[in-house]
Every structure is written in structure tokens, then in C-alpha cells.
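Structure record follows, encoded as C-alpha cells.
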Amino acid sequence: MDRIAIISDIHGNMPALEAVLADIGSRGITRIFCLGDLIGKGPHPEQVVDRVRKACEVVLKGNWEEGTLHPPGEVGPNFARTLTWLKSKLGQERMDYLDSLPFCTEFLMSGRQVRLFHSSAKSIFHRVHPVHALEERLAMFENTEFTGPCKSGRTPDVVGYADIHNAYVQSFQGKTLFNTGSVGNPLEIAPASYAVLEGAYGSAEPASFCLQLVRVPYDIELAVQHAGAEAGMPDLAEYISELRTACYARMKK
């Protein structure tokens, strides 16, 4: 059987990323997909981009990549400072790479059509939580202008996404919806998280299929030290609070 590790929402947190990649390696998994938000919040976006480019076979664009490179309308002075800081850390070549990333990816696995994207089928900025209405969650399986049609000519059987930093799995009406959680900024009282898909990759023939959510402890205080040592890092206190409490802090606009 083939296995794919699916990571996302690293947010410039290198200690968390290295812990997750080490765990993936210890399981003998060599195929890794990343669903975006490599940057934003944390102190080392440039290091994360470089590490993900080397480690991951597929990398998708997240809302932080899109919002940094193409801000939606006017931004406040504090977020403008964040954008300036991020761009200075990344440099033009990395920004061009991030801008080239696709919206979604799809493949067959054990007879199931699997589609992955960062946030939702509607938009890179549209957010879906596990408590939203059933019709909102079922809309995650639709073919849209952003996803395009499935290569198989149908809608996906399995959809995986990230964005909300809250790992879960739900099944309904013959469909499976899952969230990877976050590597670098989990909003649960839990360590870094990622997902593993196991099955016959690329096969249209029905076969056994497994979806697993994995939690990985990492050194949060080391990540705090990294942030504190980064001169001029925006929203430092809010970022440290999120790491330690697993609760959103209000970032300055």
C-alpha cells in the first residue's frame, strides 16, 4: 500500500516543521503534500519555504501566500508592516515560487477520487468549520471555477483541507471530509498535527483505504525563543500567546 503525509499551516515555525518531518520519516513515508500557509505569523518564513520545497512533492497555495502577494484591497498600517517584513524575509525568488503554486490537487487512491486544497472549493479565503451546516460542508465536494472538474468526470469522494487549524474527520452521504490541522499554529490543546492517507495511489480499482490524523509533540519554548530572537518581527506577543495557549490572539490590523 502507498502512503501520503499531508501537512499544512506551518506559519514560519521551523521547530514544529522539523518535528513533523522527523515523525513522517520515522514511519517510512516518502511522499509528502503540503496544503499551504507556509508563511505568516512565525519568525522564519524563508526557512520553511526552502524546507518544504525540498521535502514535498506537491505544494498548494494558502490564504497567507495569496494575501501577502496580492493583498485584497487596502490594508491597515500594522498589516502593511507585516507584509513588508514578510517580503523582506522571503525575497523575490521565493515570492515568485509561492505565487506559482496551484489552488488544488487531485488523484485517485483505492478507487476514490481525492481532492485537496487549502480552505474551500469556493475560494482560498472562504472558511469552513466542522460545525457549519451540512450543505456548507457538502459544498466542499463541488466542482467550482477554482477546482475545475474532476479528471474522472465526477465529484470527489474524499476532500482534505486545512486553514482552520483544527483537525477532524467527518463522513456523510458517502463522502469523507477531513482537515489536517496545523503543523506550526495548532488551535487545539494538542501538539502539531498532520494527516496520512493510505491506499493504492493512482488506482481506480476499489481497495482498502485508511485516513489517519497524527499528533506530534514539539518544543514550543524553542519556537518562542526563535520568535523572540527575530528582530522586528510583527505581532510577537500575539504569536507567542497562540503557541502557548492554542487560542487565537487578535492580530493588529
Side-chain angles (χ1 to χ4, degrees), residues 4-14 16-18 20-21 24 29-73 75 79-80 82-109 113-128 140 142-151 156 159-165 179-180 182-185 194-195 197 201-202 234:
I4 304 172
I6 306 174
I7 66 174
S8 193
D9 292 82
I10 303 152
H11 289 293
N13 185 338
M14 280 299 293
L17 176 59
E18 293 295 357
V20 165
L21 291 179
I24 292 169
I29 300 173
T30 57
R31 176 168 276 150
I32 308 174
F33 293 178
C34 178
L35 306 192
D37 274 11
L38 287 66
I39 66 173
K41 299 191 175 189
H44 294 304
E46 77 290 1
Q47 293 181 26
V48 167
V49 170
D50 293 346
R51 188 75 172 93
V52 165
R53 288 176 80 169
K54 290 179 180 178
C56 297
E57 179 178 324
V58 172
V59 184
L60 306 181
K61 185 183 287 186
N63 57 285
W64 265 92
E65 284 80 42
E66 181 67 16
T68 297
L69 300 170
H70 305 287
V75 298
F79 191 58
T82 297
L83 295 182
T84 299
W85 181 84
L86 275 172
K87 290 177 180 180
S88 70
K89 294 283 287 184
L90 290 168
Q92 191 60 51
E93 193 278 333
R94 292 187 187 91
M95 288 193 291
D96 290 343
Y97 165 73
L98 294 175
D99 205 21
S100 73
L101 297 177
F103 178 86
C104 69
T105 189
E106 64 178 54
F107 51 90
L108 285 166
M109 195 169 205
Q113 188 75 39
V114 181
R115 177 180 284 161
L116 307 173
F117 43 66
H118 179 71
S119 51
S120 83
K122 292 181 179 179
S123 161
I124 206 164
F125 295 108
H126 181 72
R127 186 157 287 164
V128 175
M140 298 284 273
E142 294 176 358
N143 296 324
T144 70
E145 61 178 305
F146 297 104
T147 67
C150 273
K151 295 172 185 174
V159 163
Y161 74 113
D163 183 54
I164 60 172
H165 300 201
N179 190 283
T180 63
S182 171
V183 169
N185 189 217
Y194 71 98
L197 298 183
Y201 182 70

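These values consider heavy atoms only, across backbone and side chains, with no hydrogens, waters or symmetry-generated copies. These numbers were taken from a predicted model, which means no experiment stands behind them.
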Heavy-atom side-chain proximity of [X] to [Y] below 4.5 angstrom:
X	Y	answer
Phe103	Lys61	no
Val159	Phe117	yes
Asp37	Glu65	yes
Ile39	His11	no
Arg53	Val59	no
Ile4	Ile29	no
Asn13	Asn185	no
Glu106	Gln113	yes

Cys56 pairs by side-chain contact (heavy atoms from CB on, under 4.5 Å) with which of Val52, Val58, Leu60?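 Exactly one option meets the side-chain contact (heavy atoms from CB on, under 4.5 Å) with Cys56, and it is Val52.
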Rounded to the nearest 0.5 Å, what separates atom [atom1] in [X] from atom [atom2] in [Y]?
X	Y	atom1	atom2	result
Leu69	Arg94	CG	CZ	13.0 Å
His118	His126	NE2	NE2	13.0 Å
Leu98	Thr68	CG	OG1	8.5 Å
Leu17	Tyr194	CG	OH	12.0 Å
Trp64	Leu83	CH2	CG	7.5 Å
Ile164	Ser120	CD1	OG	11.5 Å

side-chain contact (heavy atoms from CB on, under 4.5 Å) with Thr144: which residues, sequence neighbours excluded?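 side-chain contact (heavy atoms from CB on, under 4.5 Å) list for Thr144, sorted by chain: Ala121, Glu142, Phe146, Thr147.
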To check you understand the geometry: which heavy-atom pair defines the closest contact between [X] and [Y], and what is its length?
X	Y	value
Pro45	Trp85	CD-CH2, 4.2 Å
Asn143	Pro156	OD1-CD, 4.2 Å
Asp9	Asp163	OD1-N, 3.2 Å
Ser123	Ser119	O-OG, 2.8 Å
Val128	Met140	CG2-SD, 3.6 Å
Pro149	Arg115	C-NH2, 4.0 Å

From CA spacing to verdict: side chain to side chain contact (heavy atoms under 4.5 Å, CB included), His44, Lys89: CA-CA 8 Å; His44 294 304; Lys89 294 283 287 184; 4.1 Å; yes
Do any N or O atoms from the side chain of Asn179 and from the backbone of Ala162 form a donor-acceptor pair under 3.5 angstrom? yes
For the residue pair Tyr201 and Phe107, categorise the inter-ring angle as parallel (less than 30°), tilted (30 to 60°) or perpendicular (more than 60°).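 Taking Phe107 first and then Tyr201, their aromatic rings sit tilted (interplane angle of 30° to 60°).
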Full working for side chain to side chain contact (heavy atoms under 4.5 Å, CB included) between Ile10 and Cys34: CA-CA 9 Å; Ile10 303 152; Cys34 178; 4.1 Å; yes
Steps toward side chain to side chain contact (heavy atoms under 4.5 Å, CB included) verdict (Leu116, Thr180): CA-CA 10 Å; Leu116 307 173; Thr180 63; over 6 Å; no
Walk me through whether Arg51 and Leu38 qualify under side chain to side chain contact (heavy atoms under 4.5 Å, CB included). CA-CA 10 Å; Arg51 188 75 172 93; Leu38 287 66; over 6 Å; no
